[in-house]
*Asks:* 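After the structure tokens below, expect a handful of questions from me.
This one's a predicted model, so the numbers in the text were calculated from it and none came from an experiment. Scope of the values below: all heavy atoms of this structure, side chains included, with no hydrogens, waters or symmetry mates.
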There are 2 protein chains.
Amino acid sequence: MTFHEMNMDDLKNSLQKEGVNPSFQRLKIYEYVLKTRVHPTVDKIYSDLSKKIPTLSKTTIYNTLNLFQEKNIVAGLTIEGKKVRYDAAVKPHAHFKCTACGELYDIPVDFPVLSSDSVSGHRVTEMHFYLKGVCRSCLGVQTQV
Amino acid sequence: MTFHEMNMDDLKNSLQKEGVNPSFQRLKIYEYVLKTRVHPTVDKIYSDLSKKIPTLSKTTIYNTLNLFQEKNIVAGLTIEGKKVRYDAAVKPHAHFKCTACGELYDIPVDFPVLSSDSVSGHRVTEMHFYLKGVCRSCLGVQTQV
DNA sequence: TTCTCTGCAAACGCTTTGCACGGAT
DNA sequence: ATCCGTGCAAAGCGTTTGCAGAGAA
């Protein structure tokens, strides 16, 4: 079963399994992060979810995502200063940020390093690999000009 | 010649070569970033340099580092939200952040991917690879307890 | 009731911006 | 006189915190 096929009960069970009380807001935020392909910022989550949940506050989104991070339900990505983006914690992969359009892509990667849990004597618990450049579609636009 | 062996005239020439007017403050900041092993935050640079240059302001450090980044003289590292750290732009390497002591280490790495300039059709201009975990020396302390 | 979750408002911390002063040419 | 660099003060912006009210058990 992929994340996209999970229904509300599956999501609820997932949260409970991690020791998180599945409130309405938490479920909706969890669903959003799991089911959208984007790596949303808090602002993006807020602007999308508040359409359906008008009373939702950013504070709740921050609270919820911080809770999820503690429980390793999602991972926070820091590609650039300021804004943090969130990603459902799945198998290690790389991110590609387009400096032209700002889009963030997933890149499938499989290094030997990524499966090791120690490097230079340090114990590794998290790996982050991201690239910047100009994405395929922006390259296409450029060549058309 | 390594960075550590450069004298003030070498530094001055480096800046001029990149089209940066080598003012006193810029030179000192450049020297600091090149010659210290740490990956300093603006605060660290400020607290260290302002001992010798009491009039130095953080604004100037921000201005200078932003200028250096535009000219690709230094690279900004964003390991965690908020604070940005700065690194002299040299050959690609990975960073390891210890979640126990907060120390940031350089890790020598050499993937095939790192020498490629395109991935999945995107043109890559920057690569960032960082790990988190518990560093060698903190592991040692733990086992002594 | 009691405990947790929510969300407004205010505080916080890092960074940027506006602007005037000062130094160099 | 002009131009650019510097640095104070204030604004900006993402995030966190304080706290009171709502809701579940």
Side-chain angles (χ1 to χ4, degrees), chain A residues 11-12 15-16 18-33 39-71 73-87 97 102 104, chain B residues 11-12 15-16 18-33 39-71 73-86 102 104:
Chain A
L11 295 171
K12 202 176 282 190
L15 289 186
Q16 278 170 331
E18 303 295 337
V20 173
N21 187 9
S23 74
F24 177 70
Q25 286 87 339
R26 288 173 180 172
L27 265 176
K28 285 301 186 182
I29 294 169
Y30 185 42
E31 182 190 24
Y32 184 91
V33 175
H39 301 276
T41 60
V42 166
D43 260 10
K44 177 99 175 97
I45 299 173
Y46 177 75
S47 68
D48 286 355
L49 281 188
S50 61
K51 289 171 192 162
K52 299 208 168 177
I53 316 166
T55 61
L56 183 66
S57 79
K58 283 190 187 176
T59 303
T60 298
I61 300 177
Y62 280 110
N63 289 340
T64 301
L65 291 171
N66 287 341
L67 177 65
F68 285 1
Q69 280 195 90
E70 285 168 24
K71 304 289 187 175
I73 294 172
V74 300
L77 306 177
T78 322
I79 304 291
E80 249 132 12
K82 312 234 163 183
K83 293 187 182 176
V84 177
R85 287 163 175 275
Y86 295 90
D87 193 5
K97 163 108 182 185
L104 191 64
Chain B
L11 296 171
K12 200 176 284 189
L15 289 187
Q16 279 171 331
E18 303 295 337
V20 173
N21 186 10
S23 73
F24 177 71
Q25 285 88 338
R26 287 175 180 170
L27 264 175
K28 286 300 187 183
I29 293 169
Y30 185 42
E31 182 189 24
Y32 183 92
V33 175
H39 302 276
T41 60
V42 166
D43 260 10
K44 177 98 175 97
I45 299 174
Y46 177 75
S47 67
D48 286 355
L49 282 188
S50 61
K51 290 171 191 162
K52 301 207 169 181
I53 316 168
T55 61
L56 184 66
S57 81
K58 282 190 188 175
T59 303
T60 297
I61 301 177
Y62 279 111
N63 289 340
T64 300
L65 291 171
N66 286 341
L67 177 65
F68 285 1
Q69 280 195 89
E70 285 168 24
K71 305 288 187 176
I73 294 171
V74 302
L77 306 177
T78 322
I79 303 293
E80 249 132 12
K82 313 236 166 187
K83 292 188 185 176
V84 177
R85 287 163 175 274
Y86 294 90
L104 191 64

*Asks:* At under 4.0 Å between heavy atoms, what does A:Ser23 touch on the DNA or RNA strands: base, sugar-phosphate, or nothing?
*Replies:* sugar-phosphate
*Asks:* Rounding to an integer number of Å, can you tell me how far A:Ile61 CD1 sits from C:dC8 P?
*Replies:* 11 Å
*Asks:* Quickly work out the A:Leu27 CG to C:dT6 P distance and round it to whole Å.
*Replies:*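 Answer to the nearest Å: 10 Å.
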*Asks:* I need a per-nucleotide contact map over nucleotides 14-25 of chain D, read 5' to 3'. Cutoff is protein heavy atoms under 4.0 Å; write B for the base, S for backbone only, - otherwise.
*Replies:* BBBB--------
*Asks:* According to a strict under-4.0 Å criterion, is B:Thr55 in side-chain N/O contact with OP1 or OP2 of D:dG7?
*Replies:*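 Yes, B:Thr55 has a side-chain N/O under 4.0 Å of OP1/OP2 on D:dG7.
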*Asks:* What is the distance from CD of B:Gln25 to P of D:dT6, rounded to the nearest Å?
*Replies:*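 From B:Gln25 CD to D:dT6 P: 4 Å.
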*Asks:* Atom CZ of A:Arg26 and atom P of C:dT4: how far apart are they, to the nearest Å?
*Replies:*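 Spelled out: CZ on A:Arg26 to P on C:dT4 is 11 Å.
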*Asks:* Between OH of A:Tyr32 and CD1 of A:Ile29, what distance do you get to the nearest 0.5 Å?
*Replies:*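 Nearest 0.5 Å value for the OH-CD1 distance: 11.0 Å.
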*Asks:* Quickly work out the A:Phe24 CZ to C:dG7 C1' distance and round it to whole Å.
*Replies:*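 Roughly 15 Å, once rounded to whole Å.
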*Asks:* Should A:Tyr86 and A:Lys44 count as side-chain neighbours, where that means a heavy-atom distance under 4.5 Å?
*Replies:*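 Side chain of A:Tyr86 against side chain of A:Lys44, heavy atoms only: no contact under 4.5 Å found.
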*Asks:* To the nearest angstrom, how far is A:Ile53 atom CD1 from C:dC5 atom C1'?
*Replies:*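 Answer to the nearest Å: 14 Å.
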*Asks:* Atom OG1 of A:Thr78 and atom NZ of B:Lys83: how far apart are they, to the nearest 0.5 Å?
*Replies:* 14.5 Å
*Asks:* At how many degrees, to 10°, do the end axes of the helix from C:dT1-D:dA25 to C:dT25-D:dA1 meet when each uses five pairs?
*Replies:* 10°
*Asks:* Drop me the distance from B:Ile45's CD1 to B:Arg85's CZ, to the nearest 0.5 angstrom.
*Replies:*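 Spacing of CD1 (B:Ile45) from CZ (B:Arg85) equals 10.5 Å.
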*Asks:* Rounded off to whole Å, could you give me the CG-to-C1' distance for the B:Leu65 and C:dT15 pair?
*Replies:*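 Checked: the CG to C1' distance equals 12 Å.
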*Asks:* Decide yes or no for B:Arg26 and B:Leu67: does some side-chain heavy atom of the first lie under 4.5 Å from some side-chain heavy atom of the second?
*Replies:* yes
*Asks:* Can you tell me how far apart CD (A:Gln25) and OG1 (A:Thr60) are? Round to the nearest 0.5 Å.
*Replies:* 6.0 Å
*Asks:* Please state whether the phosphate of C:dT6, meaning OP1 or OP2, lies under 4.0 angstrom from any side-chain nitrogen or oxygen of A:Ser57.
*Replies:*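 Result: no.
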*Asks:* C:dT15 C1' sits how many Å from B:Ile45 CD1, rounded?
*Replies:*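 Checked: the CD1 to C1' distance equals 14 Å.
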*Asks:* Going by the rule salt bridge (Lys or Arg N to Asp or Glu O under 4.0 Å), which residues pair with A:Lys12 if we only count those two or more places apart in sequence or in a different chain?
*Replies:*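 Once residues adjacent in sequence are excluded, A:Lys12 has no partner under the salt bridge (Lys or Arg N to Asp or Glu O under 4.0 Å) criterion.
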*Asks:* Roughly how far, to the nearest 0.5 Å, is OH of B:Tyr30 from CG of B:Leu65?
*Replies:* 12.5 Å
*Asks:* Which one of B:Ile53, B:Ile61, B:Leu56, B:Thr64 satisfies the side chain to side chain contact (heavy atoms under 4.5 Å, CB included) criterion with B:Lys28?
*Replies:*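 It is B:Ile53, the one option of B:Ile53, B:Ile61, B:Leu56, B:Thr64 that forms the side chain to side chain contact (heavy atoms under 4.5 Å, CB included) with B:Lys28.
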